[in-house]
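For the numbers below, each heavy atom of this structure counts, side chains included, while hydrogens, waters and symmetry mates do not.
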There are 2 protein chains.
Amino acid sequence: MRLSTYRSALKRLKALGFKKVFSDNLADAAGVTAVQVRKDFSMFGISGNKRAGYSVDELVVQLGRVLGKNEVQRVIVVGAGRIGTALVRYKGFEGGGIKVVAAFDIDPAKFDDKAEVPVIPIDEVTSFIRANGIRVAMLAVPEMAAQRVSEILVAAGIRGILNFAPIGLRSTDEVVVNNINLEVELENLIYFVNAARGSADKGEGDR
Amino acid sequence: MRLSTYRSALKRLKALGFKKVFSDNLADAAGVTAVQVRKDFSMFGISGNKRAGYSVDELVVQLGRVLGKNEVQRVIVVGAGRIGTALVRYKGFEGGGIKVVAAFDIDPAKFDDKAEVPVIPIDEVTSFIRANGIRVAMLAVPEMAAQRVSEILVAAGIRGILNFAPIGLRSTDEVVVNNINLEVELENLIYFVNAARGSADKGEGDR
DNA sequence: TAGATTGTTAATCGATTAACAATC
DNA sequence: TAGATTGTTAATCGATTAACAATC
């Protein structure tokens, strides 16, 4: 599913002043081929104009529709360590209709009720999720805690987890998990770099 | 290329006390099927024992060999903001033969020569890369700077970039790029969560 | 031996690409 | 009209899975 990637690329093209885009502009910006763009769009009923490509503004709306961007998505961050804090402050979410509404931690030294994004005791995460109808969480707790915390989140009603703990959590019927394991990503990259060094193999960085 | 994922899963199993693993242990831990594990292994000439699976210690060595883990990989972090700092301090790299040797930033307030991982002026990144033969960098600078900085890195000799800036950099003959766009990852997850809500569709988090 | 497991060959599935018709 | 572009059908490619032989 590359629609989010297209949306991200489209925002950049729009910032550059594009009013219309052709499938190969988007392909370039997203790192795929023009045919892939058109095929992906047609699968979601997004269509352009034969000779004039796609209107940027219309495309923003159409991608937003498919991706459920009509309303702001409220998410929480669990674990207010360095990665958790970076996620709370991440600028890239702001323009994208994603709002981090709270962070949770076990360490009292990190609690902060007054902050723009409050840091709340982890004990209160279940009631917070229920009271606010939160469905998506970013998980940035230590490896040891990840499994247990994720179970608590799912029990409370979380249906999607973006997991930064270095332990592959599994998607189930109840929850969709997207794992980002930084060591795996970096190690994989190093593998391709080394492979490229030896052979004339070009190699591409995963995903 | 899932070998890094297997290696990560294997380390966890080892920590749990496993001396031997079967392909389905690894499959479980890595989130794939047992046949995929065996096929992947056989493609890289990694073999086990018919009735006794794989010796954990031997497998560690064999995966290490393929992944080039005989020597410590030295990497740099470019951009010492919140994400950059989180990467510098990331615990998960330590056990994995990856060492962050320096961070770079443009802001003098962040410079720190004495730190365990020094923060060095970005002006010195080219000479540092050349002097130390660094080949891999993690890029965590603002979107605006990402393209330009990446060109500087490649010119200096970097051959692999793990890019956290929200702009898709392209792999070329000179450099392998692995992009991690947090907004795209999260938005994609939200899409699957919403899809699962409506239909009985289960959905899986990309990659 | 019977059962469990690896490793491989062939079949299936899904995704990408090639080719091209439609049309602005 | 000619040329550029979309959208789709069919062909290709690669990856996953099914089936099973080998063997500890």
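Here Ser23(A) reaches the OP1 or OP2 of dT6(D): one of its side-chain N or O atoms lies under 4.0 Å away. Arg38(A) has no side-chain polar atom (N or O) that falls below the 4.0 Å cut-off from OP1 or OP2 of dG7(D).
Between Asp57(A) and Lys14(A) there is a salt bridge, since at least one side-chain N of the basic residue sits less than 4.0 Å from a carboxylate O of the acidic one. Glu143(B) has no carboxylate O lying under 4.0 Å from a charged side-chain N of Lys91(A), or vice versa, which leaves the two without a salt bridge. Salt-bridge check for Arg7(B) with Glu183(A): passed, with a basic side-chain N closer than 4.0 Å to an acidic carboxylate O.
A straight line from CD of Gln36(A) to P of dG14(C) spans 18 Å, rounded to a whole angstrom. Atoms NZ (Lys20(A)) and P (dT6(D)) sit 12 Å apart, rounded to a whole Å. In this entry the distance linking CG of Asp24(A) with P of dG7(D) reads 14 Å, nearest Å. A straight line from CG of Asp40(A) to P of dG14(C) spans 16 Å, rounded to a whole angstrom. Rounded to a whole Å, the CZ atom of Phe41(B) is 9 Å from the P atom of dG7(C). The nearest whole Å value for the distance from the NZ atom in Lys39(A) to the P atom in dC13(D) is 16 Å. Rounded to whole Å, the distance from CG on Leu59(A) to P on dG7(D) is 11 Å. Straight-line distance from the CZ atom of Phe22(B) to the C1' atom of dA4(C): 8 Å, rounded to whole Å.
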Q: Let me see the working for Glu187(A) and Lys69(B) under salt bridge (charged side-chain N to carboxylate O under 4.0 Å, His left out), right down to the final yes or no.
A: CA-CA 9 Å; Glu187(A) 189 165 278; Lys69(B) 286 286 163 186; 3.0 Å; yes
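Between Arg74(B) and Asn132(B) the shortest heavy-atom distance is NH2-O, 2.7 Å. Residue Val177(A) comes nearest to Arg170(A) through the heavy atom pair CG2-O, 3.5 Å, listed as atom of the first residue, atom of the second, then distance.
Residues of residues 47-58 of chain B having a heavy atom closer than 4.0 Å to DNA chain C, listed by number: Ser47(B), Gly48(B), Asn49(B), Lys50(B), Arg51(B), Gly53(B), Tyr54(B).
The shortest side-chain heavy-atom distance between Ile76(A) and Val100(A) does not fall under the 4.5 Å cut-off.
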Q: Whenever both distances are under 3.5 Å in a Watson-Crick or G-U wobble pair, mark it; put DNA chain D into dot-bracket that way, with [ ] for crossing pairs and | when the partner is on another strand.
A: ..||||||||||||||||||||||
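Checked by atom type, the side-chain pair Tyr6(A)/Asp40(A) shows a donor-acceptor distance below 3.5 Å.
At least one donor-acceptor pair under 3.5 Å links the side chain of Asn25(B) to the backbone N or O of Phe22(B).
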